[in-house]
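Here is how names work: the chains are called A, B, and so on, in the same order as the sequence lines, proteins then strands, and each is numbered from 1.
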Number of protein chains: 2
Amino acid sequence: MNDDLVFKALGDPTRRKLLDLLCENNGQTLGQLCENLAMTRQSATQHLDLLVAANLVSAVKRGREKLHYINPVPLYDIYARWVRKFETQRLGLLHDLKTILEGDA
Amino acid sequence: MNDDLVFKALGDPTRRKLLDLLCENNGQTLGQLCENLAMTRQSATQHLDLLVAANLVSAVKRGREKLHYINPVPLYDIYARWVRKFETQRLGLLHDLKTILEGDA
DNA sequence: CATTTATGCAGGTATTTACCTGCATGTCAA
DNA sequence: TTGACATGCAGGTAAATACCTGCATAAATG
């Protein structure tokens, strides 16, 4: 997994919306996804390409259509390798913050 | 919390490195953080400003120094409101993927 | 007070990004 | 085969981004 591709992909509201749309209804075509976005099909394609590059979405051709499926694994990896790292120190970090903000340091 | 600010902040490797540095040693000054970055102090400041705007870091002035502290809460929120959403559907989504990639659909 | 040190602020530039238009390709169905 | 439909591909532009240099300010130190 490429951390940077995943974070970059998640760093845009349109792409997060695409993931939301696929979460509601997995396996949608490009056309279906575009109906819920205020942009051209070509722009949406570029966003989807980034999601595919980050391995957050897999695309499969079926006839003249292209179906899109979420891959939840990179999201879990982000959590496991990144969020949890801070999570384990959460109480300590929060204590630091509270202390310094109260001017006790 | 502003989802977009947090995701945007995390979408840059320099800013993730800043969080890592603070995770190793919380409460560092701007100067200390810069020693571990291959860029000018001014550039690092801009990155830190984004982290502060996203509420991922809190900065406190102490004399002529400025101390930086991690705030782990937005990261946890990202997990709670976003990663977990897909997590609950993970097995189903993975099944979709496997099925379609095997050409059974 | 003068000097050093830590940071703030005001710009300027090159790259990346997010969008677009226009045209080409491939598939289905009459 | 022909027309309609779904997508691919090749650019072009405006805005955002990530850097930088140069100078200003404020605090500690002699």
Side-chain angles (χ1 to χ4, degrees), chain A residues 2-22 25-54 56-70 100-101 103 105, chain B residues 2-22 25-54 56-70 100-101 103 105:
Chain A
N2 185 326
D3 269 10
D4 200 46
L5 287 179
V6 177
F7 277 114
K8 282 256 166 58
L10 292 173
D12 179 276
T14 299
R15 292 191 285 273
R16 291 196 301 277
K17 180 163 187 179
L18 281 167
L19 289 180
D20 276 334
L21 289 170
L22 289 177
N25 194 355
N26 208 11
Q28 293 185 66
T29 67
L30 172 59
Q32 288 175 311
L33 291 169
C34 283
E35 289 171 12
N36 293 286
L37 298 177
M39 62 180 59
T40 63
R41 172 182 56 80
Q42 287 87 339
S43 298
T45 299
Q46 291 181 332
H47 285 297
L48 282 167
D49 285 346
L50 289 189
L51 289 170
V52 169
L56 283 161
V57 164
S58 291
V60 186
K61 295 207 77 169
R62 187 185 63 185
R64 65 181 164 182
E65 293 180 325
K66 194 173 180 184
L67 308 180
H68 297 83
Y69 293 87
I70 290 189
I100 201 73
L101 292 178
Chain B
N2 186 326
D3 268 11
D4 200 47
L5 286 179
V6 177
F7 277 114
K8 281 258 166 59
L10 293 172
D12 180 275
T14 299
R15 291 191 286 271
R16 291 198 299 280
K17 179 163 189 182
L18 281 167
L19 289 180
D20 277 335
L21 290 170
L22 288 178
N25 194 355
N26 208 12
Q28 293 185 68
T29 67
L30 172 59
Q32 288 175 311
L33 291 168
C34 283
E35 289 171 12
N36 294 286
L37 298 178
M39 63 181 59
T40 62
R41 173 182 56 81
Q42 287 86 340
S43 298
T45 300
Q46 293 180 332
H47 285 296
L48 283 167
D49 286 345
L50 289 188
L51 289 171
V52 170
L56 283 160
V57 165
S58 291
V60 185
K61 295 208 78 170
R62 187 186 62 186
R64 64 180 166 183
E65 294 180 325
K66 194 173 179 184
L67 308 179
H68 298 83
Y69 293 88
I70 290 189
I100 200 75
L101 291 178

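- Taking atom CG of residue B:Asp4 and atom P of nucleotide C:dT17, one finds them 15 Å apart after rounding to whole Å.
- A close approach under 4.0 Å does occur between a side-chain nitrogen or oxygen of B:Lys66 and OP1 or OP2 of C:dG8.
- Distances shown here put every side-chain N or O of A:His47 at or beyond 4.0 Å from the OP1 or OP2 atom of C:dT17.
- Under a 3.5 Å cut-off, the side chain of B:His68 and the backbone N or O of B:Gln28 do form a donor-acceptor pair.
- Phosphate contact (OP1/OP2 of C:dC20, side-chain N/O of A:Thr40, threshold under 4.0 Å): present.
- Separating the CG atom of B:Leu48 from the P atom of D:dA18 is a distance of 13 Å, rounded to the nearest angstrom.
- Within the 4.5 Å cutoff, the side chain of B:Ile70 has no heavy atoms near those of the B:Leu51 side chain.
- Listed by residue number, there are no residues of residues 32-39 of chain A with a heavy-atom contact under 4.0 Å to DNA chain D.
- For the atom pair NZ (A:Lys8) and CZ (A:Arg15), the distance works out to 10.0 Å, reported to the nearest 0.5 Å.
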Protein and nucleotides 23-30 of chain C: nitrogen or oxygen contacts under 3.5 angstrom:
residue: C:dT27; atom: O2; partner: A:Arg64; partner atom: NH1; Å: 3.3

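- Taken from OG1 in B:Thr14 to CG in B:Asn36, the straight-line distance is 12.0 Å, to the nearest 0.5 Å.
- Across the interface with DNA chain C, nearest-nucleotide mapping of A:Asp12 and B:Gly31 shows B:Gly31 to be the residue nearer the 5′ end.
- Nearest-nucleotide positions on DNA chain D for A:Leu67 and A:Gln46 put A:Leu67 closer to the 5' end.
- Between the CG atom of A:Leu67 and the CD atom of A:Gln32 there is a distance of 8.0 Å, given to the nearest 0.5 Å.
- Taking side-chain N and O atoms only, B:Ser43 has a distance below 4.0 Å to OP1 or OP2 of D:dC20.
- Across the protein-nucleic acid pair, A:Lys8 atom NZ and D:dA16 atom P stand 18 Å apart, rounded to whole Å.
- The interatomic distance linking A:Arg16 (CZ) with C:dA18 (P) rounds to 11 Å, in whole Å.
- Rounding to the nearest 0.5 angstrom, the gap separating the CG atom in A:Leu18 from the CG atom in A:Leu56 is 11.0 Å.
- For A:Arg16 (side chain) and A:Leu10 (main-chain N/O), a donor-acceptor pair under 3.5 Å exists by modelled atom type.
- Taking atom NZ of A:Lys17 as the reference point, atom P of C:dC19 lies 12 Å away to the nearest angstrom.
- Taking atom CG of A:Asp49 as the reference point, atom P of C:dC19 lies 14 Å away to the nearest angstrom.
- Atom CG of A:Asp20 sits about 13.0 Å away from atom CG of A:Asn25, to the nearest 0.5 Å.
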(message) Checking A:Lys17 against A:Leu37 for the side chain to side chain contact (heavy atoms under 4.5 Å, CB included) test, could you report, in this order, the C-alpha distance in whole Å, the side-chain angles of both residues, the deciding distance, and whether it holds?
(response) CA-CA 9 Å; A:Lys17 180 163 187 179; A:Leu37 298 177; 3.9 Å; yes

